[in-house]
Colleague: 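Dumping the structure here so I can ask a few things about it.
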Amino acid sequence: MTISKIRQVESPGKINLFLEVLRRREDGYHELVTVMSRISLADHMNFTVLDNRLELNQTSASANDANALPAAEQNLIYRTLDRLRDRTGCSLGMRVDLIKRIPIQAGLGGASSNAATALCVANELWELGLTPRELADIANSLGSDIAFFLSPGPSVCRGRGEIVEPISIATSMPLLLVMPPFGLSTAAMFAALRLPEEPRSVEHLLAELQTVRAPFGNLSLFNRFEETARRQSPWFATIHRRLLDAGAVAAQMTGSGSCYFGIFPSESDAHAAAARLATDFPDCRFMVCRTID
Ligand code: C5P
């Protein structure tokens with residue numbers, strides 16, 4: 001009797017509490033410093049080992065995203081498994097059933113998280129025995145944010161994002177995510193970015209996070225992409241103000257957008273703000289979640 005190899009895994013998103021872009025590099029990427037934390041909003045992934053073919057079935061929680069999901073072969077999960085087989089000579093296959101809850105083109109890292117999850121699960125189920133270093137090399141050949149999701153917790157990431165140093169955040173923070181009815185392309189946001197003459201330092205925030213406690217005021221949050229986004233749409237300044245009016249202690253865009261988040265003293269405060277704002281922003285998605293370790 002053969003026992004089919006199956007794994008069910010949650011693949012979490014992330015937010016950027018800090019993101020500064022330092023300079024353009026000769027390879028076309030940008031040197032950056034960012035602080036990222038996983039969040040409790042996660043995609044659900046179901047893996048089943050097959051004889052030799054790769055199969056990806058995607059369903060989405062949002063009608064908007066269902067139309068915008070990339071075709072299976074272009075999906076980063078598919079490309080990750082394909083690259084892993086190329087690098088190792090493994091001929092086994094995999095079926096992945098993906099239930100997408102993390103909005104796409106949002107700056108929440110959903111695709112990178114899915115890729116990191118696929119790398120770890122396939123390494124185990126295909127019994128490849130790759131080391132964390134080897135997995136990170138493959139991750140970096142596929143995207144800049146994937147290495148973060150291979151590391152165990154919140155981190156400060158440097159280089160093009162792939163140099164990951166774990167940090168500690170004293171406590172989990174309640175969040176309200178607000179996803180507008182449009183996404184933003186990471187490549188287009190880097191292309192439109194104005195580089196700072198004097199880059200912001202991450203050091204204040206790193207010190208604050210070590211002792212942060214509710215109600216989470218006075219954190220030195222920052223995102224360089226925020227000014228780029230505000231040049232493109234008045235929505236960002238509006239949602240920032242409205243989140244603060246609704247009780248957020250801080251609010252900011254995550255990554256290269258377009259999702260915005262507010263930090264709230266408690267989860268019930270975040271729910272109350274969602275209820276207050278939902279009628280005025282009927283085309284936005286509101287999601288209450290938390291930062292997680
Ligand atoms: O690495 P990833 O595929 O996520 O990046 C998408 C695009 O974002 C890159 O092709 C590049 O244009 C831009 N990028 C960048 N500098 C980084 C990360 C991404 O310019 N550090």
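Whatever order the structure lists them in is the order used to number ligands and atoms, beginning at 1. Residue indices begin at 1 and follow the sequence shown.
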Colleague: Taking NZ, NE, NH1 and NH2 as the nitrogens, is one of them in Arg200 or Glu20 under 4.0 Å from a carboxylate oxygen of the other?
Modeller: no

Colleague: Between Lys100 and Asp43, does any side-chain N to carboxylate O distance fall below 4.0 Å?
Modeller: yes

Colleague: Are Arg230 and Glu226 close enough for a salt bridge, meaning some N to O gap below 4.0 Å?
Modeller: yes

Colleague: Between Glu124 and Arg7, is the closest basic N to carboxylate O distance under 4.0 Å?
Modeller: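 Between Glu124 and Arg7 there is a salt bridge, with a charged N closer than 4.0 Å to a carboxylate O.
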
Colleague: In terms of side-chain geometry, is the basic nitrogen of Arg95 or Asp97 positioned less than 4.0 Å from the acidic oxygen of its partner?
Modeller: yes

Colleague: Can I get a per-line list of side-chain donor-acceptor pairs under 3.5 Å for residues 142-151, giving both atom names and the distance, sequence neighbours left out?
Modeller:
from: Ser144; atom 1: OG; to: Arg160; atom 2: NH1; distance (Å): 2.8
from: Ser151; atom 1: OG; to: Phe148; atom 2: O; distance (Å): 2.9
from: Ser151; atom 1: OG; to: Ser155; atom 2: OG; distance (Å): 3.3

Colleague: Applying a heavy-atom distance cut-off of 4.0 Å, which protein residues contact ligand 1?
Modeller: Gly28, Tyr29, His30, Leu32, Gly143, Ser144, Arg160, Thr186, Ala187, Phe190

